[in-house]
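Written out below as structure tokens is the structure these notes cover.
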Amino acid sequence: MLRFMNTLGKCLEDFVPIAPPRVGLYTCGPTVYDHAHIGNFRTYVFEDLLRRYLEFRGYDVHHVMNITDVEDKTIARANAEGIPLHELTARYVEAFFEDIDALGILRAHQYPRATEHIPEMVEQIEKLIANGHAYAQDGSVFFRISTFPGYGRLSGMDMDGIQPGARVDCDEYEKEDVRDFALWKAPKTGEPVWQTRLGPGRPGWHIECSSMSMKYLGASFDIHTGGVDNIFPHHENEIAQAEGCTGAPFVRYWLHSEHLLVNQEKMSKSKQNFYTLRDLLARGYPARALRYALISVHYRKPLNLTMDALDAAAAAVERLADFHRRIVELPATAAAAAAGSNRVVDAVRQTEQDVTEALDEDLGVSTALGAVFDFVREMNRILDESGVSTEDRATVLGLWRKLDDIFGVFQPPVEELSSELLGLVRQREAARRDRRWKDADALRDTLLDAGVVLEDTPAGTRWKRRRAATTT
RNA sequence: GGCGGCAUAGCCAAGUGGUAAGGCAGAGGACUGCAAAUCCUUCAUCCUCGGUUCAAAUCCGAGUGCCGCCUCCA
């Protein structure tokens with residue numbers, strides 16, 4: 001039974017979709033004013049694992065991720081660069097897709113953008129005004145929190161405790177109550193303006209997610225996710241907006257991922273520990289190693305990213321790739337043997353069961369990966385001792401494909417070698433055959449300098465790309 | 001000040017009452033012409049101090065440290 005830690009209620013709950021096998025999944029996406037940083041991707045990778053695992057468990061997931069292309073930061077950045085908003089956001093939307101592709105994150109089924117859903121937001125705001133949950137003031141529209149008794153339930157915030165003055169800044173907008181939040185913002189110089197039935201202005205941030213999620217997933221849907229910092233106020237406000245509008249329960253399961261730390265500290269540009277994906281790729285870490293590092297820690301635990309940890313992740317991924325290559329390239333002679341057949345079948349079955357049990361429990365990914373590495377060791381033992389039959393190999397590769405569908409880090413990319421380098425490999429094989437060890441070793445060194453590592457096996461010499469040097 | 005998260009070997013990290021998964025790094029060994037890959041062996045008593053219990057990393061209390069939220073930061 002699949003279970004999730006639901007932020008709403010703070011306990012482990014059995015996962016029961018509203019209309020199985022369909023699952024509506026909404027994940028809070030990027031604000032496209034700059035490159036996303038590696039902490040953002042921690043969340044996106046978690047959401048990718050969630051989606052992939054739901055699919056593995058037979059659910060028909062409909063995944064929607066919003067793109068926030070109009071809010072304070074995007075406007076400020078576009079103004080600073082002196083370019084139109086859409087030009088700025090188009091640039092970073094493109095970068096975002098490049099990055100998630102590099103990390104092997106599956107594309108959502110839809111990426112609705114705020115600027116393309118102004119009418120839907122206006123309509124929702126009108127409903128909220130009509131039923132008394134919202135009020136217009138000085139050209140803006142605010143949500144009236146006092147009319148929504150459930151406010152604060154998701155975050156556990158006691159709204160009565162928040163009083164004007166102390167820590168709460170009254171912003172430039174006049175509101176009935178400082179706790180009220182903006183649904184629609186009156187026009188200001190230097191800001192984009194939409195002419196709507198509400199008057200001119202632009203949407204507040206929170207309204208886009210409730211409008212767009214309900215448009216594509218319905219008034220009530222299954223799962224909504226984001227980083228922990230979104231719990232309050234963003235998701236709290238979404239609930240108020242949605243339920244205040246429809247009267248129906250908005251979301252069944254709220255899942256939130258913890259933040260990523262760098263060297264046990266919060267990432268910040270001033271501490272010079274702020275990394276985008278591109279920064280880390282430029283340091284030579286393979287994208288798959290980064291994905292592994294981001295995925296291998298449970299999503300509700302802070303992830304402490306260090307360069308040592310990334311080196312370790314790169315090595316772990318290589319161990320998995322080495323195993324995959326070994327099983328794929330298994331020579332026919334060894335593949336004909338079948339002494340280990342029962343062990344293979346047992347190991348495959350046990351591994352699939354262990355991985356499923358672990359992930360069923362709120363995506364217990366560390367335990368699941370532990371089971372995978374146990375499997376790799378057992379299979380390597382079998383391969384050392386007896387080899388496997390062609391049939392068993394197919395069974396193993398079948399499991400491997402399933403695991404890769406879930407984790408997205410097990411199937412190594414196909415590597416190619418230039419004909420010159422391949423020629424050197426052949427020359428060295430000839431040298432070894434003639435026992436010209438010095439020549440053979442010199443050729444091996446040459447290839448190593450070219451980034452090619454050789455492995456001599458009873459069935460011949462294999463080559464692979466050297467793991468990128470990643471020091472400092 | 002209010003609310004919440006975390007603290008396990010050199011590093012990353014599982015485990016939430018019965019004598020510490022897994023990965024990386026290290027040490028020794030097997031295999032190898034030498035390597036690489038692989039396998040075997042080895043490497044912690046769980047932040048501190050109290051308490052509950054036959055039994056605690058795991059429950060309770062008090063500390064210490066780090067991180068986050070408290071109006072728009074994944």
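Letters A, B, ... mirror the listed sequences (proteins, then strands); counts begin at 1.
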May I ask you to say what A:H298 touches in the nucleic acid, namely base, sugar-phosphate or nothing, with a heavy-atom cut-off under 4.0 Å? sugar-phosphate
To the nearest angstrom, how far is A:L50 atom CG from B:A74 atom C1'? 15 Å
Distance between C1' atoms of B:G4 and B:A9 (Å, rounded): 29 Å
Around atom CZ of A:R107, are there more than 12 heavy atoms from other residues, nucleotides or ligands closer than 6.0 Å? yes
What nucleic acid atoms does A:R436 come within less than 4.0 Å of, heavy atoms only: base, sugar-phosphate, or nothing? nothing
Taking NZ, NE, NH1 and NH2 as the nitrogens, is one of them in A:R278 or A:E98 under 4.0 Å from a carboxylate oxygen of the other? yes
Whom does B:C69 pair with, Watson-Crick or G-U wobble, provided both distances fall under 3.5 Å? B:G2
Please give, in whole Å, the distance from B:C6 C1' to A:L260 CG? 14 Å
Taking for A:T43 and for A:D180 the nucleotide of RNA chain B with the nearest heavy atom, the one nearer the 5' end belongs to A:D180
With sugar-phosphate meaning primed atoms plus P, OP1 and OP2, does A:F373 contact a base, only sugar-phosphate, or nothing at under 4.0 Å between heavy atoms? sugar-phosphate
Does any nucleotide pair with B:G33 by Watson-Crick or G-U wobble geometry, both distances under 3.5 Å, and what is it? none
Just the rounded figure in Å: distance from C1' of B:G23 to CG of A:L310. 14 Å
Should the pair A:F142 and A:Y135 be assigned to parallel (<30°), tilted (30 to 60°) or perpendicular (>60°) ring geometry? tilted
What contact category does A:L305 fall into here, base, sugar-phosphate, or nothing, at under 4.0 angstrom with non-hydrogen atoms? nothing
Pick the C1' atom in B:G17 and in B:C54, then give their distance to the nearest Å. 12 Å
Using OP1 and OP2 only, check whether a side-chain N or O of A:N230 sits under 4.0 Å from B:A74. no
In whole angstrom, give me the gap between the P atoms of B:C31 and B:U19. 37 Å
For A:F46 and A:Y299, take the angle between the two ring planes, folded into 0 to 90°, and tell me which bin it lands in: parallel under 30, tilted 30 to 60, perpendicular over 60. parallel
Quick one: CZ on A:F41 to CZ on A:R291, what's the gap to the nearest 0.5 Å? 12.0 Å
Ring-plane angle category for A:F410 and A:F407, please: parallel below 30°, perpendicular beyond 60°, tilted otherwise. perpendicular
Which atom pair, heavy atoms only, marks the closest approach of A:V262 to A:N304? C-OD1, 4.0 Å
Could you give the NE2-to-P distance, from A:H224 to B:A74, as a whole number of Å? 13 Å
What is the base-pairing partner of B:G61, counting Watson-Crick and G-U wobble geometry with both distances under 3.5 Å? B:C49
Distance between C1' atoms of B:G50 and B:U42 (Å, rounded): 36 Å
Partner set under salt bridge (Lys or Arg N to Asp or Glu O under 4.0 Å) for A:R288, not counting sequence neighbours: none
Whom does B:A9 pair with, Watson-Crick or G-U wobble, provided both distances fall under 3.5 Å? none
Partner of B:A20 under the Watson-Crick or G-U wobble criteria, both distances under 3.5 Å, comes out as none
When you compare the side chains of A:E120 and A:S211, does any donor N or O come within less than 3.5 Å of an acceptor on the partner? no
Check the orientation of A:H206 and A:H234. Use parallel for under 30°, tilted for 30 to 60°, and perpendicular for over 60°. tilted
Among B:G33, B:G23, B:A13, which is the nearest nucleotide to the side chain of A:N304? B:A13
Span that lies between the C1' atom of B:U64 and that of B:U48, in whole angstrom: 7 Å
Listed by chain and number, what are the salt bridge (Lys or Arg N to Asp or Glu O under 4.0 Å) partners of A:E415, not counting sequence neighbours? none
Parallel, tilted or perpendicular: which one describes the rings of A:F181 and A:F143, with boundaries at 30° and 60°? parallel
Could you tell me the separation between the CG atom of A:L154 and the P atom of B:C70, rounded to a whole number of Å? 14 Å
Which base, if any, makes a Watson-Crick or G-U wobble pair with B:A27, both distances under 3.5 Å? B:U41
Taking the side chain of A:V297 as heavy atoms from C-beta outward, which of B:C34, B:A14, B:A74 is closest to it? B:A14
Say you pick atom P in B:C49 and the same atom in B:A57; how far apart are they, in whole Å? 13 Å
Nearest-Å distance, CD (A:E429) to C1' (B:C34)? 17 Å
C1' spacing across the pair B:C6 / B:C40, given as an integer number of angstrom: 37 Å
Quick note, salt bridge (Lys or Arg N to Asp or Glu O under 4.0 Å) partners involving residues 33-44 of chain A, not counting sequence neighbours, are A:D34-A:R77, A:D34-A:K269
Rounded distance in Å between the C1' positions of B:U58 and B:C46: 10 Å
Review item, nucleotides 37-45 of chain B N/O atoms under 3.5 Å of protein N/O:
residue : atom : partner : partner atom : Å
B:A37   : O4'  : A:E455  : OE2          : 3.4
B:U38   : OP1  : A:R319  : NH1          : 3.4
B:U38   : O3'  : A:N380  : ND2          : 3.1
B:U38   : O2'  : A:D384  : OD1          : 3.3
B:U38   : O2'  : A:D384  : OD2          : 2.5
B:C39   : OP1  : A:R319  : NH2          : 3.3
B:C39   : OP1  : A:N380  : ND2          : 3.4
B:C39   : OP2  : A:R319  : NH1          : 3.4
B:C39   : O4'  : A:D384  : OD2          : 3.1
B:C40   : OP1  : A:R381  : NH1          : 2.2

Mind checking if A:G226 touches a base, just sugar-phosphate, or nothing, with heavy atoms under 4.0 Å? sugar-phosphate
Rounded to whole angstrom units, what separation is found between the CE atom of A:M307 and the C1' atom of B:A25? 17 Å
Distance-only side-chain donor-acceptor flag, A:T276 / A:H37, under 3.5 Å: no
Please list each protein N or O that sits under 3.5 Å from an N or O in nucleotides 15-21 of chain B, with the distance.
residue : atom : partner : partner atom : Å
B:A21   : N1   : A:S366  : O            : 3.4

Considering only heavy atoms and no angle criterion, is a donor-acceptor pair shorter than 3.5 Å present between the side chain of A:D308 and the base of B:G10? no
Nearest-Å distance for atom pair CG/P, residues A:L454 and B:A36: 12 Å
Answer whether the closest heavy-atom distance between the side chains of A:M379 and A:D392 falls below 4.5 Å. no
Table of protein N/O atoms under 3.5 Å from nucleotides 64-69 of chain B N/O atoms:
residue : atom : partner : partner atom : Å
B:C66   : O2'  : A:Q264  : O            : 3.2

